[in-house]
K.L.:
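Here it is, the structure in full.
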Amino acid sequence: MNKDKIENKIEYRKKCPECGNENLSKDYERAELVCRKCGLVIDEEIADHGPEWRAFNNEQVEKRARAGPPTKYTLHDKGLSTTIGWKNRDAYGKSIPSKQRSQLYRLRKWHRRTMAGNSNQRNLIHAFAELSKISSQLNLPRSIREQSGMLYRKASKKNLIRGRSVEALVLACIYAACRMAGLPRTLDELSDISNVKRKDIGRTYRFISKKLKLKINVPTPQTFVSRFCNALKLSYDVKKKANEIIKESIRNELTSGRGPVGFAAAAIYIATVLNKEKRTQRQIADVAGVTEVTIRNRYKEIAKKLSINIQP
DNA sequence: AAGACGAAAGTGGTTGA
DNA sequence: TCAACAACTTTCGTCTT
C-alpha cells in the first residue's frame, strides 16, 4: 500500500536524463513518459505496472481473480467467479449432515462443469494466455489489452472461433483494438512476433470485423508518426513538423492510394532533414517496415508538390 | 566507405468483369 | 474465378559526400 505511494512520488519527480528538464508529460494512451523539451521517451511502460494476468487452468484463474474490481475482459470469467468451498461445513463451521452432503456434491459437480468444463471456457483461457503474452511483447497499454479481450469474447459468443486458429484470432483482435484506439500496429509487426503469416492475420481481421460489424477507420499517416519518431529518438519538434507535412499533404490530396506507413516515413524523413536531426533513409525505413525506395518516391512527391527544398 | 538515387523487374493484394 | 492494375519491394549500378 505505502510502497505504491512512494513509487508514484518518485516517478513524479523524474527528470529527463538527456537535458535535465523536469517538464515531463505522461502519455497514457501510448504508455510513455515523455520529455516535453527534447522528446526523449523516459519510461515506456508507465501505464502498466500491473501483475501478469496469466492463467492456464481454472484453479489459477480463480486464485488470481478474487473479487477486485474493475472487471477484466482478459480473464475468461471477467474475474467474477464464485467458488463453492470444498469443506463439508456450513458458514458456522458445523459439519453438514450427510443428507444434505450428497446434495452439495451434486451442486459442486455442476458448478464445476458450468464454469470451466465447457470447451468455450477452456478456449478463452487459452486465448487470454496468448493475448497476454503477445501484448506484453508489444508493450500495449492495458486499455488496448482489455479491448482485445472484449473483441475476442464477442467473437467467441458469436461462434466465430471454431475451426480457426486461436493465435490468428487473438492477433486479429489485437490488430483491431490497436486501430480502434488510433494506435495501429502493422500486420508485419504482429506477424513478426508470432508464427502466423501476415496474410492470415489480415484475413482473420477482415472476417471478425465484418461479423462483429466493427467500424474502423483507415489509419492516417499521423497515427504512425509518434511511434516511429520515438523509435528513432527524434525530438518533439520533428514530430510536430512531420505532422504538419502530412496535414498539408492530405489537403493537397497526395495521400490517396498511398500506404500510410510509407507516407509517414517520408514525412519524418523530410522533417529530420529540415530540423537538422538527420537520420538515414535506411534507419527510418527499418523502423517503419518499408523500403528506402518507397521513402524516396514518397518524399520526392511531397517535396515537389509542397515545394519544400531539401538541401543538406 | 556510406548514403542517396533511380531504373527495371518481381511480388502480393485489390478490383471489376 | 481470373486478369488487369497500382503500390510496393528487391536488386543493382551509379553518383555524391
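In what follows, chains are A, B, ... by sequence order, proteins preceding strands, each numbered from 1.
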K.L.:
When you compare the side chain of N123(A) with that of S156(A), does any pair of heavy atoms fall below 4.5 Å?
P.N.:
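Heavy-atom side-chain distance check fails, nothing below 4.5 Å.
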K.L.:
Any chance you could encode DNA chain C as dot-bracket? Rule is Watson-Crick or G-U wobble with both distances under 3.5 Å; [ ] for pairs crossing earlier ones, | for another strand.
P.N.:
|||||.|||||||||||
K.L.:
Please answer whether the main-chain N or O of I174(A) pairs with a side-chain N or O of R179(A) as donor and acceptor at a distance below 3.5 Å.
P.N.:
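Judged by distance alone, no pair lies under 3.5 Å.
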K.L.:
Would you say R298(A) places a side-chain N or O within less than 4.0 Å of OP1 or OP2 belonging to dA7(C)?
P.N.:
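False: R298(A) side-chain N/O out of range (4.0 Å or more) of dA7(C) OP1/OP2.
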K.L.:
Take atom CG of L187(A) and atom P of dC8(C), then tell me their distance rounded to the nearest Å.
P.N.:
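Going from L187(A) (CG) to dC8(C) (P), I get 14 Å.
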K.L.:
Roughly how many Å is it from CD1 in I295(A) to C1' in dC8(C), rounded to a whole number?
P.N.:
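Taking CD1 of I295(A) and C1' of dC8(C), I get 12 Å after rounding.
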K.L.:
Can any side-chain N or O of N252(A) pair as donor or acceptor with the backbone N or O of E248(A) at less than 3.5 Å?
P.N.:
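Yes; at least one donor-acceptor contact below 3.5 Å.
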K.L.:
Check whether any side-chain N or O of T223(A) sits under 3.5 Å from a backbone N or O of P219(A) as a donor-acceptor pair, and report yes or no.
P.N.:
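No, the answer is negative, given that no donor and acceptor are paired below the 3.5 Å cut-off.
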K.L.:
Is any side-chain heavy atom of K241(A) closer than 4.5 Å to a side-chain heavy atom of I270(A)?
P.N.:
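A side-chain contact is absent here, since even the closest heavy-atom pair is not under 4.5 Å.
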K.L.:
With heavy atoms of chain A within less than 4.0 Å as the criterion, where does contact along DNA chain B begin and end?
P.N.:
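First and last nucleotides in contact are dG3(B) to dT14(B).
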K.L.:
Is K304(A) salt-bridged to E301(A), cutoff N-O under 4.0 Å?
P.N.:
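Here K304(A) does not pair with E301(A) in a salt bridge, since their nearest N and O are not under 4.0 Å apart.
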K.L.:
Would you classify T280(A) as touching base, sugar-phosphate or nothing, given that sugar-phosphate means primed atoms plus P, OP1 and OP2, and contacts are heavy atoms under 4.0 Å?
P.N.:
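It contacts sugar-phosphate atoms only.
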K.L.:
Kindly state each residue pair satisfying ring pair (Phe, Tyr, Trp, His ring centres under 6.0 Å) with at least one member in residues 137-158 of chain A, sequence neighbours excluded.
P.N.:
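Listed once each, the pairs would be none.
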K.L.:
I would like to know whether L140(A) and C178(A) meet side-chain contact (heavy atoms from CB on, under 4.5 Å); could you show each step before the answer?
P.N.:
CA-CA 9 Å; L140(A) 294 179; C178(A) 286; 3.9 Å; yes
K.L.:
Is the closest side-chain heavy-atom distance between Q222(A) and I250(A) below 4.5 Å?
P.N.:
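Yes - at least one pair of side-chain heavy atoms lies under 4.5 Å apart.
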K.L.:
In residues 245-259 of chain A, what residues come within less than 4.0 Å of DNA chain C, judged by heavy atoms?
P.N.:
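Correct list: G257(A), R258(A), G259(A).
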K.L.:
For the side chain of R282(A) and the backbone of E292(A), is there at least one donor-acceptor N/O pair under 3.5 Å apart?
P.N.:
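No; judged by distance alone, with no hydrogens or angles, the pair does not exist.
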K.L.:
Going by number, which of residues 190-200 of chain A have a non-hydrogen atom under 4.0 Å from DNA chain B?
P.N.:
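Within this stretch, R198(A), K199(A) sit under 4.0 Å of the strand.
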K.L.:
For DNA chain B, whose closest nucleotide is more 5', that of R282(A) or that of V293(A)?
P.N.:
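Here R282(A) is the residue nearer the 5' end.
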K.L.:
Extract all donor-acceptor atom pairs below 3.5 Å that involve side chains of residues 206-214 of chain A and protein atoms in other chains or at least two apart in sequence.
P.N.:
| from | atom 1 | to | atom 2 | distance (Å) |
| --- | --- | --- | --- | --- |
| S209(A) | OG | R206(A) | O | 3.4 |

K.L.:
With no hydrogens and no angle check, is any side-chain donor or acceptor of S136(A) less than 3.5 Å from a backbone partner on S132(A)?
P.N.:
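Such a contact is found between S136(A) side chain and S132(A) backbone.
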K.L.:
To the nearest angstrom, how far is D188(A) atom CG from dC8(C) atom C1'?
P.N.:
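Atom CG in D188(A) sits about 12 Å away from atom C1' in dC8(C).
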K.L.:
Heavy-atom distance under 4.5 Å between the side chains of Y269(A) and I245(A), does that happen here?
P.N.:
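Contact flag for Y269(A)/I245(A) side chains = no.
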